[in-house]
Every structure is written in C-alpha cells, then in structure tokens.
Amino acid sequence: MTKASLQAATLMVQGTASDVGKSILTAAICRILVQDGWQTAPFKSQNMSLNSYVTFDGKEIGRAQGVQADACGILATTDMNPILLKPKQDMVAQVVVHGVPYSDLDARTYRESYLPQAEVIVKDALGRLRSEYDIVVLEGAGSPAEVNLKDRDIVNMRLAGWADAPVLLVADIDRGGVFAAIVGTLEILSQEERDRVKGFIINKFRGDVSLLKPGLDWLEERTGKPVLGVIPYLPQLGIEDEDSASLDSKRVQNKRHEATNSKSADQLDVAVIRLPRLSNFTDFDPLQEEKDVHFRYITHLADWGEPDVVLLPGSKNTMDDLRHLNESGLTERIQAFVKLEKGWVAGICAGYQMLGSKLLDPNGYESDHPELEGLGLLPTETMFTPEKRTVQVQGKSALFAPNGTELAIDGYEIHMGRTRYLQDIAAPFQIRTAAENGDSSGWHADGAAVEKGRVWGTYLHGILHNDDFRRAWLNGIREQKGLSPIVGGLRFKERREAAFDRLADHVRSHLDMQRVYEMMDTAKPRKTEVGKG
Ligand SMILES: NC(=O)CC[C@H](N)C(=O)O
C-alpha cells in the first residue's frame, strides 16, 4: 500500500454538553497514542473561542487544538481547526477560515449561507490530515443532541459520519445529572448516530468509585454500551496547569510583544530587532522567562541602548525588512556592534538570511528587489525560490557544547530562501527530518557561526526552546561579561512535555485504552515506525 492511499484511523470525543472536559481529554488521548508510537493529529472542524492559538505560520486557530497539537509533538496547522468563530457581539461572530478573518456574520447568515461552504472546507482539511497521520482524534462541540442544529451540523455526528469515527461520549459528573445526560443524549440521537457511540467516559469524578459502581452497571445495562473510564478530577493536571506552561495562554501572548521588567546587574540585556514584518514571535518565549535575561525589543535606532546580545528574528519578507534596517540606520549599528564593540548577534530564519553577504531574488518571489547586500557578518548567500520548505527537524550542535560533545536540538523550518556558504565553514547545526531519522546519510548542515559563536544564524525556528542550547549560549555571553554561568535554570520545553506526560498517565490509568484501540481501525500499517517517547 502506498503512503498516499493510507487513510488515518479516526476517533471522536463528543460531550453531553459544553465544558465537560472534551478538550483536555482529547489532548490526553492524543498524547497516549503518541506515547504508543502512533503519529497522531487533533481535529475540530469549528471552534467558538476568543482565545486563539497562533500557529507557526502566523495563523489563528482554536487554543485547544494548538495545545493538542503540542501534546502530539507536531506543529499546529489550520487544518486542525479550519473554522474559528470569534464572538464579537450578540449573535455576530468573526468567522476565521484557515487562520485568517473571512467575514463578520450573524448567526442566521452563518447557518443558512455559510455552513454549506463550510462543509467542504471541513472535509478537505480532515482529508489532508488523514493522509498525513496514522490517527486523527476529532473533538466535537457542545452537545450532539441539539435537535434544532442537527440538520446543518458540521461539528458532531455528521462529522463523525464523514470521518467514519467511533465516538466516545464524555459526561461531567462534577455538575451532576450524569446518567440523565448520557441516556438523554442517546435518546435524542438517531439509531445510526447512536450506533456510532462506542462508550462513555465519566469525567471530573471526585469520591469513591465503589459508590458509583451501581450507577455504572445500571448505565451499561440500560444502554448496552460500556463505561470506558471514570477519570478522577485532578486539578494539578487540569487546564490551569497547561495554561501556566502553555505557549498560548493570554499572559504569554501579551508578554510576547512586551519587554520584561527593568534590568538588574546580573542580567543580560537581550534585544530583538522588531522588524515591521516580524514573524514567529514564539521563538523568544523562553527568553522572556529566563531569570538572567532582560528581554526587550528595538524598533528604532533610538531604542538601541546597551544590549549584550541582539537577535534578528524571522520575517514574512526578508528583503523589505532588510531595506527597512538599512534605511533606519540599524544595519550600520548592528555592524558596528559586532565589529567594534564585539557584541553578540544571532539570526533566526530571515535574520540568518540578513546576516549573510548577499540576498538574491531575481524572480521576485519575496519582493521587487532582485538583489540586496546583507549585513555581511556571516559568509553566506541566500537565493529565494518558489518552493517553501516547511519541516520539523531534529539535530545536534557542537556550537556551545563543552569540548568534544554535542547538544541535541530540534526546531522547524518555514522559508522560501535557500542559503549557501561562500567559504568552507563547519556548520554549527546538523539536522534531519523525522523521515530521515535513522538514515546516516540523512544529515544536513544548517546555519553558520563565526567568532566562536559570537555571531550565528540558523533556519531553525524554536532553536531557543532547546533548554541546554539556550543556556550554553547565554552562559557564553555571561562569561564574556565576567558573570558567573548559571547551572540548571529554566527547563522550558521539558516542563511542558512533563505536564503532557502526567496528563496522559493519569487518563491512561483510568481509561480502558485496550477497548479504545479495538474501536479504531488501526490494523493498517503505520506511516512511520516510531519508538515510544
Ligand atoms: N520565517 C521566515 O523568517 C521566512 C524568511 C523568508 N521570508 C523566507 O521565506 O525565506
């Protein structure tokens, strides 16, 4: 069987009402499947939320699907939540389609005029995910038993039908009425819909399961369907926990665009050039949480101050933003900083491209400028191509590692430019994609570094999320300033990964995963054999 002909297995989590904990359970199930070696993606056709998640390519999706993608260890894309409704005022919502605002529609227009189109968008997005992953875990919205909405439904049972997904029905025991909610929901569904429901999950349980047991027996007898799990309420594993570590929590979203508080003597002044078309703000999230970093942006030459390190970020348009740097005087300032003041500079993606000698765009893929001089701080030249490279990679770097060792790194690329070396240099990063993993010839060189890492650049977004790499780099700067290195310190990535694992372990120990696997059609070969963890 060829890869393209494989359709991912599906599983759907629906609830007897809103807020029964579908999103967090979906995240937990996603993580369990990934721990078991399945390439898994989340999907929710339409999400109604004001709290959105910004994908790596700057698009908006529902927050929960972003978190679920993180739990899966994959980059969130708009296919995972193609339609986002952001309520604006009574009965009117901004309709965001594939991450960009489409129109403000009132509820009636949305329902009557837009839903038929939405159906196509939803099926296409789901189809793409099913061709890319082993398992897609779908999350429903609200209750599947809203009789007035069922005919145009694109989020619950009709979607389950298109996806041919077995449905787990989740009910919240904390609010009471759990038996009525489950039996009532089934009662309202059609026979075909009812048949899709393969079992129940009782969520947010506090108390003694033995007291609940007679109720569970009654429910199984009455419905002929199994209770697959009773998940105890554990606040420290709940959304709040995830929120605090989450990339997309409101707090972090706001912080992304701000400076941290005033600088103390033991801190490094880390400044990011705020390019007009700056992309990938998330690259700097870990820096904003580092205790020894005073984080700020430089928008104008007048903001320069006395940085210890200057970062050039990603940009939607490298050529135009480079012209902006030239015109604003920042180009010269950065050059003097590196050459005369021996300052530290790093560039990510567009920033890496700009640090090179030359940028070529003869066919106008990026802008109208066929050629621009770069900052000339790295021996590289970048040519813009029509093909966008979007991959997740893993790799290693000896750049700031103790002598003779390498640090594991990972990140993702999203760029049209292709960069070549103008001199024979040892690349600071060696990377490969998951597909190339295990293939010894699969390694590629990435990035460039000179002056023992005082100036470096890479295509890897997320490079600063690698805790050991980030710490080693910051310690290098500290050392040059006569500050003592910091040992240990922030474990940004590990903290989040551990939270997902704790959540998965908790749910796994109270959910009959064996039966969940039996419901899914996972007999097909996996796309890629991946080990546990
Ligand atoms: N993410 C980026 O910084 C993209 C850089 C540049 N616009 C490119 O496509 O190559």
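Keep in mind the model is a prediction, meaning the values are calculated, not measured. Quick note: residue numbers are just sequence positions, from 1. When a ligand or atom number is given, it counts from 1 through the structure's own listing order.
- Atoms of ligand 1 lying under 4.0 Å from any heavy atom of I414, numbered from 1 in the order shown and given with element: 1 (N), 2 (C), 4 (C).
- By the 4.0 Å heavy-atom criterion, H461 is counted among the residues contacting ligand 1.
- Around the CD atom of E371, the shell of radius 6.0 Å holds more than 12 heavy atoms that belong to other residues, nucleotides or ligands.
- In terms of polar-atom proximity, defined here as any N/O pair under 3.5 Å, A350 does make such a contact with ligand 1.
- For the pair P307 and R296, the minimum side-chain heavy-atom distance is below 4.5 Å.
- Within 6.0 Å of CD on E306 lie no more than 12 heavy atoms contributed by other residues, nucleotides or ligands.
- The pair E332-K339 does not meet the salt-bridge criterion, since no charged nitrogen lies less than 4.0 angstrom from a carboxylate oxygen.
- For the pair R274 and Y297, the cation sits on the ring face: its NZ or CZ lies under 6.0 Å from the ring centre, inside 45° of the axis.
- In terms of N/O distances under 3.5 Å, ligand 1 is not approached by G314.
- Annotation: atom 2 (C) of ligand 1 to nearest protein heavy atom, C349 SG, 2.9 Å.
- Nearest to atom 8 (C) of ligand 1 among the protein's heavy atoms is M416 N, 3.3 Å.
- Contact atoms of ligand 1 toward H415: 8 (C), 9 (O), 10 (O) (distance under 4.0 Å to a heavy atom of the residue).
- Protein heavy atom closest to atom 4 (C) of ligand 1, with residue, atom name and distance, is S315 O, 3.3 Å.
- Between F400 and W456, the ring planes lie perpendicular to each other; the angle is over 60°, past the 30° to 60° tilted range.
- Scanning the protein heavy atoms around atom 6 (C) of ligand 1, the nearest turns out to be T318 OG1, 3.1 Å.
- In summary, the side chains of T318 and E366 do present a donor paired with an acceptor at a separation below 3.5 Å, with no hydrogens or angles considered.
- Below 3.5 Å of separation, one finds an N or O of G417 facing an N or O of ligand 1.
- Residue K316 has at least one heavy-atom neighbour below 4.0 Å for each of these atoms of ligand 1: 7 (N).
- Using the six-membered ring where Trp is involved, F429 and F469 have ring planes that are tilted, between 30° and 60° apart.
- For ligand 1, the polar-atom distance check against I348 finds no nitrogen or oxygen pair separated by under 3.5 Å.
- Counting heavy atoms under 4.0 Å from ligand 1, residue N280 touches it through the side chain alone.
- A salt bridge links E497 with R31; the closest basic N to acidic carboxylate O contact falls under 4.0 Å.
- Of all atoms in ligand 1, numbered sequentially from 1 with element shown, those under 4.0 Å from a heavy atom of Q353 are 5 (C), 6 (C), 8 (C), 10 (O).
- Below 3.5 Å of separation, one finds no N or O of N317 facing any N or O of ligand 1.
- Here is the list of ligand 1 atoms found below 4.0 Å of a heavy atom in E366: 6 (C), 7 (N), 8 (C), 9 (O).
- Within the 3.5 Å criterion, the main-chain N or O of T78 finds no donor-acceptor partner in the side chain of N81.
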